[in-house]
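Below: the structure, in structure tokens.
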Amino acid sequence: MEKIVLPDIKDFHKLEVYLQHGGYTAAKKAFTQSTDDIIDQVKRSGLRGRGGAAFSTGLKWSFMPKTTDKPKYLCVNGDESEPGSFKDRQIFEFNPHQLIEGTIISCYAIGAKVAYIYIRGEYHKWIKLMQKALDDAYAAGYVGDKMKETFGTDFYCDIYIHKGAGAYICGEESALMNSIEGKRGYPRVKPPFPAQNGLWGCPTTINNVETITNVPPIINKGWEWFASIGEPKHPGTILFGVSGHVNKPGVYELPSGTLLTDIIYNYAGGIPGNKKILCVIPGGSSMPPLRGDQIEGVKMDAESLRAAGSAIGTGGIMVMDEDTDLVKVLARIAHFYHHESCGQCTPCREGTGWLEKILKRLVAGKGSVSDLDLLITVANQIEGNTICALGEAAAWPVKFMVERFRDYFEQRVSKEISLPVANKVHSMRHTVIPVEEIKH
Ligand SMILES: Cc1cc2nc3c(=O)[nH]c(=O)nc-3n(C[C@H](O)[C@H](O)[C@H](O)COP(=O)(O)O)c2cc1C
Ligand code: SF4
């Protein structure tokens, strides 16, 4: 299977190797076409955002005003702080020039002269690697004012790497813009949307790293080629980060619509000890969990996952075997969202704390079955009542896990389930895979 985002080419991260394989020719081609044409091709390709919401990229770009006195900006979102999500760092390490080329084409399409690549603050290694690639691209004239000479065009743009502020909430697009502006990473109330009122009050587009990295091949090989890969309504490949109870955790680039069971059993090598699967969260910790007996036949694309009762999110597949203590897992997830709540809205600030408190009570064996209903009530009070989607991110795993594993939770609360002593909770946030072991 052809890989679009992480090709199996040795030393592809080096500028000279990238150039040998057609690097920066998509930009040259794009600059000979009108910006409307580029937006139209990306729209027709069916590319959808890989940052969580799977929104049409071309459509998002078309929201940018054509005529404005203000400067326009592009923010490339590499904050990647969702537990279970670790795919963008593969791009920083193995394919930084395709991300840079995608960034300059995207800037051209939306009329931005400046782009910020916002990288998770803890990603020290990947910030350095990305900066090195960017310095090389500047020196060779593929970014900055030398672009005019290199590509023979009037257009040029600058790219800055912005180190993240060490908070999950800074990945939310409006918090990210505040963070770049040097302010506290508080999400903004929408509307106004970033295309009207973004960075410093100017029109801004925010896209995920993987989304932008898909752009050069779409321009080079044509939108029809891209649209023909995987599921027609959510085409292309997706980087699936598989973690938890699998033999071969890692990042796998596969066509959208690949079966979830195929990814877990074939690519990720199945479950250690051939145990059964108890639970899978298919798109990063904020997405609704699925029961092990619900995953058969489920395809990994936005529409199929919605039909199955979950969502594609960031494609981070978290697998839990039959001996997992789901109450502890959920308590750990709730702790994360409580800790990361920025505190602006009461339902999120208070509600995430209540969820954690109730779940810790259950973990300690001091809860009751009525606590399960209380969890769902609190989650429902958060969902839909907050400024940003961290509210849903905190509410969904709790609500859907308790609903879908009601028998399990009731038995656990009434101490009818005894867990193997050796069974440890797998804290998904800390499922850090040594990069040399990551297969793609
Ligand atoms: C709490 C929170 C954290 C987020 N973190 C990220 C992130 O780390 N990376 C990302 O691309 N999108 C993240 N998002 C989604 C962004 O707000 C935005 O939708 C996305 O960057 C758009 O890019 P796309 O259209 O290419 O998917 C987050 C959203 C929320 C609510
Ligand atoms: S939902 Fe939570 S994280 Fe988002 S703005 Fe409100 S308090 Fe902050």
Side-chain angles (χ1 to χ4, degrees), residues 2 4-5 24-68 72-77 88 91 98-113 115 153 155 157 173 190-198 202-239 253 255-257 300-306 311-315:
E2 187 179 7
I4 301 173
V5 175
Y24 291 100
T25 53
K28 197 168 175 56
K29 188 174 171 188
F31 298 153
T32 62
Q33 300 171 38
S34 75
T35 56
D36 280 347
D37 272 355
I38 303 295
I39 295 177
D40 191 52
Q41 287 168 53
V42 173
K43 231 189 241 176
R44 284 166 183 252
S45 76
L47 176 65
R48 292 169 69 166
R50 305 294 196 240
F55 190 79
S56 159
T57 306
L59 189 60
K60 187 186 271 193
W61 291 3
S62 72
F63 297 153
M64 289 290 274
K66 296 267 175 269
T67 48
T68 170
K72 300 186 216 173
Y73 295 101
L74 173 71
C75 296
V76 183
N77 193 344
D88 292 336
I91 296 174
Q98 196 171 311
L99 170 61
I100 293 169
E101 187 175 9
T103 303
I104 61 176
I105 297 171
S106 308
C107 278
Y108 174 70
I110 62 172
K113 298 289 290 285
T153 158
F155 176 78
C157 63
E173 57 186 20
K190 290 179 248 182
F193 292 99
Q196 272 68 51
N197 194 332
C202 302
T204 303
T205 291
I206 300 102
N207 275 127
N208 172 259
V209 164
E210 185 186 342
T211 313
I212 295 292
T213 308
N214 273 293
V215 172
I218 291 173
I219 301 302
N220 253 342
K221 299 186 178 179
W223 62 265
E224 297 94 335
W225 161 81
F226 189 86
S228 71
I229 299 166
E231 282 297 300
K233 288 191 173 161
H234 187 186
T237 58
I238 297 178
L239 295 181
E253 179 173 2
S256 65
M300 289 297 290
D301 62 88
E303 309 304 324
S304 308
L305 274 168
R306 189 179 307 155
I312 186 78
T314 55

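Only this structure's heavy atoms are used, side chains among them; waters, hydrogens and symmetry mates stay out.
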Output for pair (Glu224 CD, Ile229 CD1), nearest 0.5 Å, gives 12.0 Å
Stepwise side chain to side chain contact (heavy atoms under 4.5 Å, CB included) check, Ile91 with Leu239 | CA-CA 10 Å; Ile91 296 174; Leu239 295 181; 3.9 Å; yes
Determine, step by step, whether Thr205 and Lys60 satisfy the side chain to side chain contact (heavy atoms under 4.5 Å, CB included) criterion, reporting the C-alpha distance in whole Å, the side-chain angles of both residues, the deciding distance to 0.1 Å, and the verdict. CA-CA 7 Å; Thr205 291; Lys60 187 186 271 193; 4.1 Å; yes
Applying side-chain contact (heavy atoms from CB on, under 4.5 Å) to Ala30 and not counting sequence neighbours gives Ile38, Ile105, Ile219
Closest heavy-atom pair, Leu74 versus Ser106, reported as atoms and distance to 0.1 Å, is CD2-CB, 3.8 Å
ask   = Just by modelled atom types, is the Val5 backbone N or O under 3.5 Å from a matching donor or acceptor in the Gln98 side chain?
value = no
Practice task
Answer yes or no: is there a side-chain heavy-atom contact under 4.5 Å between Met300 and Ile238?
Solution key: no
Between Ala115 and Thr103 the two heavy atoms that sit nearest each other are CB-CG2, 3.5 Å
Shortest non-hydrogen pair, Gly102 vs Pro216, comes out as N-CG, 3.5 Å
Beyond-backbone contact of Pro194 with Tyr73, side-chain heavy atoms, under 4.5 angstrom:
no
Separation between CD (Glu173) and CG (Asn207), nearest 0.5 Å, reads 9.0 Å
Does a salt bridge link Lys66 with Asp36, judged by any charged N lying under 4.0 Å from a carboxylate O?
-> yes
Would you check if Ile4 and Trp225 make a side-chain contact, meaning some heavy-atom pair closer than 4.5 Å?
yes
Here the pair of heavy atoms bringing Ser45 nearest to Pro235 is O-CG, 3.2 Å
Asn77 meets the side-chain contact (heavy atoms from CB on, under 4.5 Å) criterion, sequence neighbours left out, with Asp79, Leu176, Ile206
Q. Is His234 reaching over with its side chain to a backbone N or O of Asp301, donor-acceptor style, under 3.5 angstrom?
A. no
For Lys29 and Asn220 the tightest heavy-atom approach is NZ-O, 3.2 Å
*Ion pair Arg48/Glu231, N-O distance below 4.0 Å*: no
* Go through the steps to decide whether Asn214 and Glu210 satisfy the test side chain to side chain contact (heavy atoms under 4.5 Å, CB included), and finish with yes or no. => CA-CA 7 Å; Asn214 273 293; Glu210 185 186 342; 4.2 Å; yes
Tightest non-hydrogen contact, residues Thr314 and Gly51, listed as CG2-O, 3.9 Å
- Validation row: Trp61, Thr35 side chains within 4.5 angstrom (heavy atoms): no
d(Arg44 CZ, Ser56 OG) to nearest 0.5 Å is 12.5 Å
- Query: Got more than 12 heavy atoms from elsewhere within 6.0 Å of NZ, Lys233?
  - Reply: no
CG (Leu59) and CG (Leu47) are apart, to the nearest 0.5 Å, by 12.0 Å
Sorted by chain and number, sequence neighbours left out, ring pair (Phe, Tyr, Trp, His ring centres under 6.0 Å) with Phe63 holds for none
Residues at least two apart in sequence or cross-chain that pass ring pair (Phe, Tyr, Trp, His ring centres under 6.0 Å) with Tyr108, listed by chain then number, are Phe31, Phe155
For Thr68, the side-chain contact (heavy atoms from CB on, under 4.5 Å) test, sequence neighbours excluded, returns Pro65, Lys70, Lys72, Pro203
Residue set satisfying side-chain hydrogen bond (donor to acceptor under 3.5 Å, both in side chains) with Trp223, at least two apart, ordered chain then number -> none
**Asked** Does Asp88 reach the side chain of Leu99, with side-chain heavy atoms less than 4.5 Å apart?
**Response** no
